[in-house]
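Below, read A as the first sequence line, B as the second, and so on, with proteins coming before strands; counting in each chain starts at 1. Because the structure is a prediction, the values reported are computed rather than measured.
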2 protein chains.
Amino acid sequence: MLGGVADELFKALADPTRRTILDELADRSGQTLFEICGRLSMRHQLGISRQAVSQHLAVLEAAGLVETRREGRYKYHDLNTAPLRQITERWPEPEPEESTP
Amino acid sequence: MLGGVADELFKALADPTRRTILDELADRSGQTLFEICGRLSMRHQLGISRQAVSQHLAVLEAAGLVETRREGRYKYHDLNTAPLRQITERWPEPEPEESTP
DNA sequence: TTGATAGGCAAGTCGTCACTTGCCTATGCT
DNA sequence: AGCATAGGCAAGTGACGACTTGCCTATCAA
């Protein structure tokens with residue numbers, strides 16, 4: 001139970017920079033590492049090294065939130081929101097109180 | 001944007017023990033600190049101190065995931081799943097590709 | 001009032017994680 | 001071939017977070 005697959009998902013979401021990366025991929029899918037670096041520094045004033053972003057992407061990929069496809073020397077990154085559904089499924093909303101008639 | 005309110009939510013979910021606490025509160029709402037301690041050690045083999053659980057509950061409460069009500073010397077803890085909706089709202093599912101006819 | 005129960009506060013330790021630095025591989029252009 | 005671009009690997013550092021330990025407050029029962 002503990003140490004399961006969900007661990008990587010929640011760990012990936014824990015970092016604010018990684019969440020911003022997800023935002024950027026939601027805005028424009030299929031970006032390369034350098035494009036993501038550029039948008040993080042331009043639109044979010046994040047002075048961050050390329051390697052740091054690369055490590056973040058690896059964590060996001062391990063969580064299943066980002067999928068990659070290689071073409072030549074480019075590696076494109078796509079957002080996958082499917083794993084997020086585990087969260088709301090794990091703690092479902094309480095059904096409204098029925099006024100037992 | 002970074003350092004916003006969402007920070008506390010994702011930070012709270014990042015720890016596996018805290019997620020187990022949410023599981024226990026989903027199973028039975030309105031538990032006290034000592035009840036939660038007991039269930040963590042009995043049902044999850046978690047050898048953890050009372051203070052550690054108390055600190056976890058504080059983090060969960062700061063994230064809005066747990067609400068508390070005091071009665072006499074007892075403090076009851078209730079689960080609130082509402083903040084979880086921020087997550088799926090922030091990264092919505094892509095609408096299916098329309099076959100443009 | 002005394003003792004027991006339920007919980008809170010604060011400092012200290014230890015491990016994990018984000019980030020950097022430096023070097024290396026691979027693809028494409030000219 | 002030669003150079004630039006896109007990306008990967010690995011070790012080192014610094015900070016934050018989880019947990020413990022020790023002591024303190026508050027409520028209730030005898």
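For the pair B:Gln31 (side chain) and B:Glu24 (backbone), a donor-acceptor distance under 3.5 Å is present.
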Which pairs, protein N/O on one side and nucleotides 15-17 of chain C N/O on the other, fall under 3.5 Å?
none

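Map A:Gln31 and B:Arg73 each onto its nearest nucleotide of DNA chain D; the residue landing nearer the 5' end is A:Gln31. Mapping A:Ala14 and A:Gln51 onto DNA chain C via the closest heavy atom, the residue that lands nearer the 5' end is A:Ala14. Residues A:Ser49 and B:Arg50 both approach DNA chain C. Their nearest nucleotides, taken by heavy-atom distance, put B:Arg50 toward the 5′ side.
The salt bridge (Lys or Arg N to Asp or Glu O under 4.0 Å) test applied to B:Arg69 returns B:Glu71, B:Asp78, not counting sequence neighbours. Residues meeting the side-chain contact (heavy atoms from CB on, under 4.5 Å) test with A:Glu61, sequence neighbours left out: A:Thr68, A:Lys75.
Hydrophobic cluster membership of B:Tyr74, counting Ile, Leu, Val, Met, Phe, Trp and Tyr whose side-chain heavy atoms lie under 4.5 Å apart directly or via other members: B:Tyr76.
Checking each of A:Leu25, A:Asn80, A:Ile21, A:Asp15 against A:Leu60 for a side-chain contact (heavy atoms from CB on, under 4.5 Å) leaves exactly one that passes, namely A:Ile21.
Residues of residues 55-69 of chain A having a heavy atom closer than 4.0 Å to DNA chain D: none are found.
One distance of note links CH2 of A:Trp91 with OG1 of B:Thr81; it measures 10.5 Å at 0.5 Å rounding.
Taking atom CG of residue A:Leu33 and atom C1' of nucleotide C:dT25, one finds them 15 Å apart after rounding to whole Å. Atoms CD (B:Glu35) and P (C:dA6) sit 9 Å apart, rounded to a whole Å. A straight line from CD of A:Glu71 to C1' of C:dA26 spans 16 Å, rounded to a whole angstrom. C:dT5 atom C1' lies 12 Å from atom CZ of B:Arg70, rounded to whole Å.
Taking 4.0 Å as the cutoff to heavy atoms of chain B, we find the contact window on DNA chain D bounded by D:dG17 to D:dC28.
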